[in-house]
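Please read these numbers as outputs of a predicted model, since none were measured by experiment. Keep in mind that the numbers below use all heavy atoms, side chains included, and drop hydrogens, waters and symmetry copies.
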Amino acid sequence: MNIRKGLMVAMLAVVSVVGLSGCERAKVPAGNVGIKVDLYGGDKGVQNEKLGTGKYWLTWNEEVYLFPLFKQMHQYEQPFVFQTSDSMSITASVGIEYRVVEDKVIEVFKTYRKGVQEITDNNIRQLIADSLINHGSRMNIDKLADGGKTALLESVTEDLRKQLAPVGIDIQKVSWLGKMEYPPEVVDAINKKNRAVQETQMRQNEIEKSKAEADKAIEEARGIAESTRLKAHADAEAITLRGDALRKNPEVIQLEAVNKWNGMMPKFIGGAAPMPFIDVGSETAQ
């Protein structure tokens, strides 16, 4: 009995050691949720169990996938290529911001059977590429270059939200990274168009400047004319007033003549010579 009991204890110890040697620990960092998955056997797949922050022992056929709950920001290093409706190939770099909805983490894994990085690099990238090809093919190059990039980005963002929201991925922002790359002939045409616009604007500015200068000269001339008219009107009024005053006061004329007389009598009187201005007749008569 003692021998059999000892053998059983030894066997249990060996089984325990072997079992523990096949186990490993998984860590779920703060801000993440873990999904425990069976890799083999009849229960292969998700165990419908979310693991919170902490450390967990896993058996040899189990694995934990981590899903961050904070916002993910990803810039795709490899640019996207799509064609416009007039068969122009466009190259563009894209960035994306999203987060995994905590209540749908299991649904995310069941849909893709991948971790968040693989989903970002493969599945979401493919959705972006498909949407760019779909909506880009409805724009010609002129429309795209003339403000169409914003409309295209909005369409891509809307597509991603519709496709990923039911799964549990909340798309917050899709953005262009840098400038789009156009074919050389398109770049040349855009540059020519920009130069033409700039030259037209310069000519318009020159016309506006000339017009402003002409208006200024006209106003200055109008001001001078008005000033001259007012001065002439004032002079005429002064002459009229002076004439009226002299007619009403004729003695003023004699007074002015006296003030200007030098006391000398004229040497010649008669003919065209002026008569003396001093009236002495009345005094001699007395």
Are the side chain of [X] and the backbone of [Y] linked by a donor-acceptor contact shorter than 3.5 Å?
X    : Y    : value
W176 : K149 : yes
N32  : A30  : yes
S227 : G223 : no
S131 : I128 : no
E208 : Q204 : no
Q126 : N123 : no
R161 : V156 : no
R125 : I119 : no
D146 : D142 : no

Over 12 non-hydrogen atoms of neighbours within 6.0 angstrom of [atom1] in [X]:
X    : atom1 : answer
Q75  : CD    : no
E219 : CD    : yes
K143 : NZ    : no
E226 : CD    : yes

Atom [atom1] in [X], atom [atom2] in [Y]: separation rounded to 0.5 Å?
X    : Y    : atom1 : atom2 : result
R25  : K55  : CZ    : NZ    : 4.5 Å
S155 : R138 : OG    : CZ    : 8.0 Å
S175 : E97  : OG    : CD    : 6.5 Å
I35  : K110 : CD1   : NZ    : 9.5 Å
L153 : T157 : CG    : OG1   : 4.5 Å
F67  : K50  : CZ    : NZ    : 12.0 Å

Shortest non-hydrogen contact between [X] and [Y], atoms and distance:
X    : Y    : value
P183 : I90  : CD-CD1, 4.2 Å
V28  : G34  : CG1-N, 3.9 Å
V116 : P68  : CG1-CD, 3.6 Å
G31  : T53  : N-OG1, 4.3 Å
Y76  : T120 : OH-O, 2.7 Å
A26  : V64  : CB-CG2, 3.9 Å

Minimum side-chain heavy-atom gap [X]-[Y] below 4.5 Å:
X    : Y    : value
L51  : V33  : no
K36  : E63  : no
D38  : E62  : yes
D159 : Q163 : yes

Indicate, with yes or no, if L177 and I124 share a hydrophobic cluster defined by side-chain heavy-atom contacts under 4.5 Å among Ile, Leu, Val, Met, Phe, Trp and Tyr.
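In one cluster with I124: L177, no.
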
Going hydrophobic residue to hydrophobic residue with side-chain gaps under 4.5 angstrom, can you get from M73 over to I169?
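Hydrophobic grouping puts M73 apart from I169.
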
Residue pair N122, K114: steps toward the side chain to side chain contact (heavy atoms under 4.5 Å, CB included) verdict:
CA-CA 10 Å; N122 300 317; K114 300 172 183 176; 4.2 Å; yes

For residues 80-88, run the donor-acceptor check on the side chains, cut-off 3.5 Å, and write out each pair with its distance to 0.1 Å, sequence neighbours left out.
unit_1, atom_1, unit_2, atom_2, d
Q83, NE2, S89, OG, 3.3
T84, OG1, D86, OD1, 2.4
T84, OG1, M88, N, 3.2
S85, OG, M139, O, 3.1
S85, OG, N140, N, 3.2
D86, OD1, I141, N, 3.3
D86, OD2, I141, N, 3.2

By ring pair (Phe, Tyr, Trp, His ring centres under 6.0 Å), Y65 pairs with (sequence neighbours left out) F109

Applying side chain to side chain contact (heavy atoms under 4.5 Å, CB included) to R99 and Q72, what does each step give before you reach the verdict?
CA-CA 6 Å; R99 70 179 186 87; Q72 299 296 297; 6.0 Å; no

Which atom pairs, donor and acceptor, lie under 3.5 Å between side-chain atoms of residues 101-108 and protein residues at least two apart or in another chain?
none

Under the criterion side chain to side chain contact (heavy atoms under 4.5 Å, CB included), I'd like the reasoning laid out for Y182 against L144: C-alpha separation, chi angles, the key distance, then a yes or no.
CA-CA 10 Å; Y182 300 102; L144 182 64; 4.2 Å; yes

Side chain to side chain contact (heavy atoms under 4.5 Å, CB included) evaluation trace for I96 with L160
CA-CA 10 Å; I96 188 171; L160 264 62; 3.7 Å; yes

